[in-house]
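Letters A, B, ... are given to chains in the order of the sequence lines, protein chains preceding strands, and every chain is numbered from 1.
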2 protein chains.
Amino acid sequence: MKPKISDVAKVAGVSPTTVSRVLNNRGYIGEETRKKVNDAMKELNYYPNDIARSLYIKKTFLIGVIFPTTGNPFYGQLIFHLENYANSLGYKVLLCNSQGREDKEKSYLHMLQRNQVDGIIAGAHNRGIEEYDIPNLPVVGFDRYLSKNTPVISSDNYEGGKQATQLLLDKGCSKIIHINGPIDLETPANLRRTAYEDVLRDNNMLPITYETEWANEEVIRRLFDEHPDCDGIFASDDMIASVVLREAKKRKISTPNQLKVIGYDGTETIRTLLPELSTVEQPIKGIAEKAVDLLIKQIDGAWNGDQLEYTLPVKLIDSETTSLQKGEK
Amino acid sequence: MKPKISDVAKVAGVSPTTVSRVLNNRGYIGEETRKKVNDAMKELNYYPNDIARSLYIKKTFLIGVIFPTTGNPFYGQLIFHLENYANSLGYKVLLCNSQGREDKEKSYLHMLQRNQVDGIIAGAHNRGIEEYDIPNLPVVGFDRYLSKNTPVISSDNYEGGKQATQLLLDKGCSKIIHINGPIDLETPANLRRTAYEDVLRDNNMLPITYETEWANEEVIRRLFDEHPDCDGIFASDDMIASVVLREAKKRKISTPNQLKVIGYDGTETIRTLLPELSTVEQPIKGIAEKAVDLLIKQIDGAWNGDQLEYTLPVKLIDSETTSLQKGEK
DNA sequence: TTGTATGCGTTATCAG
DNA sequence: CTGATAACGCATACAA
């Protein structure tokens with residue numbers, strides 16, 4: 001069936017060892033034999049079996065990637081860059097959609113170990129899992145503390161939260177409400193909320209936060225019902241912000257005149273579908289590359305482990321939901 | 001380091017074979033020994049090495065998935081369901097973002113073969129590649145003819161195109177323009193265009209199609225410039241439709257009064273961010289499951305190969321960009 | 001019911 | 001510069 005190294009060797013009239021040598025460019029090989037071998041490989045349409053190779057060298061060049069779902073534009077884009085960059089460095093990606101479910105995440109973790117992945121990159125929105133403390137398995141987290149010694153990458157959540165809140169303030173909002181994920185999840189993303197609270201307190205205003213796991217209409221309706229005088233909303237992600245916008249429209253509350261809204265993430269998808277939404281743009285590509293770099297450093301044993309948190313700068317996008325644009329009525 | 005089967009055997013006081021037996025539940029095993037072995041596995045925190053297993057059984061339970069990018073909500077959602085369903089059937093997913101580039105796709109194809117994947121699911125938007133005709137490697141295509149004998153799954157593109165066009169017609173549009181991908185790509189998605197043309201011709205109207213690879217503003221501006229009297233647009237995907245909507249707004253063309261717009265895809269993301277957009281919803285989950293089922297059938301040698309095209313029904317969503325909703329002004 | 005020996009396809013060691 | 005041999009971790013045929 002599939003040709004193996006010994007088949008190539010036979011055709012080329014050399015030993016399997018020699019074939020392996022030209023395959024990996026190791027040791028000295030005569031020009032003539034090299035050519036013979038290459039010809040034989042072409043003739044047989046030979047592809048080396050990475051499974052067998054991995055078994056011997058004890059390295060798979062596989063990395064496991066665990067996030068809630070590729071269906072969400074933010075994770076979809078992050079995973080795209082993760083895979084793309086990893087691929088450019090010779091690594092392949094085993095995809096895991098945990099859906100934020102702890103049971104799924106655990107079983108993925110086991111699956112990845114059985115598959116001998118060289119490392120794992122895992123991301124936000126799931127509850128904490130002790131089992132990430134796997135001896136000799138490099139792990140990098142995104143916006144999530146995985147275990148005591150795993151490094152975590154995030155956008156500058158505090159700075160982002162601060163800038164978003166400050167922007168609403170600067171635009172004249174007098175009652176600003178924040179919408180965020182469950183606070184009991186200990187993630188760096190909570191800093192968005194902390195920053196919001198700090199800024200408000202510095203301005204002698206009362207912080208009010210609504211919690212919702214996903215973009216949940218009910219929570220947002222409740223917010224509008226309970227605070228009809230609210231004139232500024234900082235949502236911790238753009239999907240939530242879009243639902244806010246929608247609900248405001250339903251209630252004939254004009255944006256940005258009566259209500260200013262700012263989100264968080266700034267994916268390409270949102271920038272295309274909802275460019276009027278002000279937001280805090282995360283450096284998604286940068287985050288992905290940092291995560292992969294850090295993981296591979298660990299894999300290569302080149303990580304000294306002294307820095308556990310890595311923070312990448314965000315970019316404030318002041319669009320139409322926070323200010324009237326030139327040319328608009 | 002990592003415990004192997006023989007380590008477990010030693011601790012349990014049995015032979016490696018016996019351990020393998022309880023691992024795979026094969027043959028007869030004494031209740032007592034089974035317990036001893038299980039205890040030993042727990043004690044050592046043993047996980048079987050799927051790489052070694054794969055090498056022997058010549059099956060990896062790995063499937064390669066090649067699509068342009070998980071960053072696009074449609075593919076992101078499709079890939080989510082693909083992975084999710086495959087996982088439920090014991091298969092793992094190797095992710096490949098081809099970015100619609102032929103060179104990347106080719107190199108992924110080779111990578112997947114080296115990794116001994118059991119099969120490949122590949123999707124739209126790339127040019128045709130002969131190399132998908134790989135002996136003994138099951139392949140399933142989505143919206144794309146991969147090779148003469150590979151089955152292809154699609155939504156009912158003709159019916160979807162027909163319903164979309166008919167809807168615009170029913171709502172009173174008199175000049176309907178279609179925007180689609182490059183026509184030289186031979187994909188089932190071209191049927192959307194064919195249907196559009198058929199419906200228009202049946203109504204003695206002149207079909208006009210603009211081509212654009214991605215949601216390209218320039219093309220859309222040109223469309224508006226060249227056809228200021230256009231009052232209906234059928235875009236072949238929702239991203240394009242959203243750019244159309246945006247451009248119309250810029251030009252103070254009101255929707256749906258002066259211009260009605262309908263897209264295609266109907267992802268969750270679009271339904272959340274742009275619920276006012278009328279669209280033709282693809283059964284994404286159904287497509288994913290059909291693709292995986294068909295692939296596994298091939299892998300198991302249970303596919304008779306008589307049916308090459310599989311078409312899943314679409315759902316017309318008649319929202320605000322084609323009709324005023326109750327309660328709206 | 002359990003154990004021994006062999007091979008999956010590759011790479012590395014060590015001779016030649 | 002090249003070749004024989006062992007080993008990676010597991011599962012199967014065959015013995016016991």
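Regarding B/Tyr47, its OH atom lies at a distance of 18 Å from the C1' atom of D/dC10, rounded to whole Å. C/dG3 atom P lies 14 Å from atom NZ of B/Lys10, rounded to whole Å. Distance, A/Gln116 CD to D/dG9 C1': 9 Å, rounded to whole Å. Between the NZ atom of A/Lys4 and the C1' atom of C/dC8 there is a distance of 7 Å, given to the nearest Å. Distance, B/Asn49 CG to D/dG9 P: 7 Å, rounded to whole Å. Atom P of nucleotide C/dC8 and atom CG of A/Asp50 are separated by 19 Å, given to the nearest angstrom. Atom CG of B/Asn115 and atom C1' of C/dT10 are 14 Å apart (whole Å). With rounding to whole Å, A/Ile51 atom CD1 is found 17 Å from C/dG7 atom C1'.
The shortest distance between the side-chain N/O atoms of A/Thr18 and the OP1/OP2 oxygens of D/dG3 is below 4.0 Å. The side chain of A/Lys2 places no N or O atom within less than 4.0 Å of a non-bridging phosphate oxygen (OP1 or OP2) of C/dC8. Proximity of A/Lys58 to the phosphate of D/dG9: a side-chain N or O atom is located under 4.0 Å from OP1 or OP2.
Between B/Glu32 and B/Lys35 no salt bridge is recorded (no basic side-chain N to carboxylate O distance below 4.0 Å).
Atom CD of A/Gln307 has more than 12 neighbouring heavy atoms from other residues, nucleotides or ligands inside a 6.0 Å radius.
The salt bridge (Lys or Arg N to Asp or Glu O under 4.0 Å) analysis of residues 16-25 of chain B, with sequence neighbours excluded, yields no pairs. The list of side-chain hydrogen bond (donor to acceptor under 3.5 Å, both in side chains) pairs with a residue in residues 1-12 of chain A, not counting sequence neighbours, is empty.
Cation-pi geometry between A/Lys42 and A/Tyr46 is not met at under 6.0 angstrom from the ring centre and within 45 degrees of the axis.
For B/Thr267, the side chain to side chain donor-acceptor pair (under 3.5 Å) test picks out no residue, with sequence neighbours left out.
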Check your understanding: Does the ring pair (Phe, Tyr, Trp, His ring centres under 6.0 Å) test come out yes or no for A/Phe142 and A/Phe74, once each step is laid out?
Key -> CA-CA 12 Å; A/Phe142 165 71; A/Phe74 178 77; 5.8 Å; yes

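Contacts of residues 28-44 of chain A with DNA chain D (heavy atom under 4.0 Å): A/Tyr28, A/Ile29, A/Gly30, A/Thr33.
We find the CE-OG distance between A/Met111 and A/Ser107 to be 7.5 Å, quoted to the nearest 0.5 Å.
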Review point. What does nucleotides 11-16 of chain D look like as a protein-contact string, B for base, S for sugar-phosphate only, - for none, at under 4.0 angstrom between heavy atoms?
Key: BBB---

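With D/dG3, C/dG3, D/dG9 as the candidates, the nucleotide lying closest to the side chain of A/Ser15 is D/dG3.
Judged by closest nucleotide on DNA chain C, B/Gly13 is the one of B/Leu55 and B/Gly13 placed further toward the 5' end.
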Listed pairs under 3.5 Å, donor-acceptor, residues 284-302 of chain A side chains, sequence neighbours left out:
| from | atom 1 | to | atom 2 | distance (Å) |
| --- | --- | --- | --- | --- |
| A/Asp293 | OD1 | A/Tyr85 | OH | 2.8 |
| A/Asp293 | OD2 | A/Tyr85 | OH | 3.3 |
| A/Gln298 | NE2 | A/Val139 | O | 3.0 |

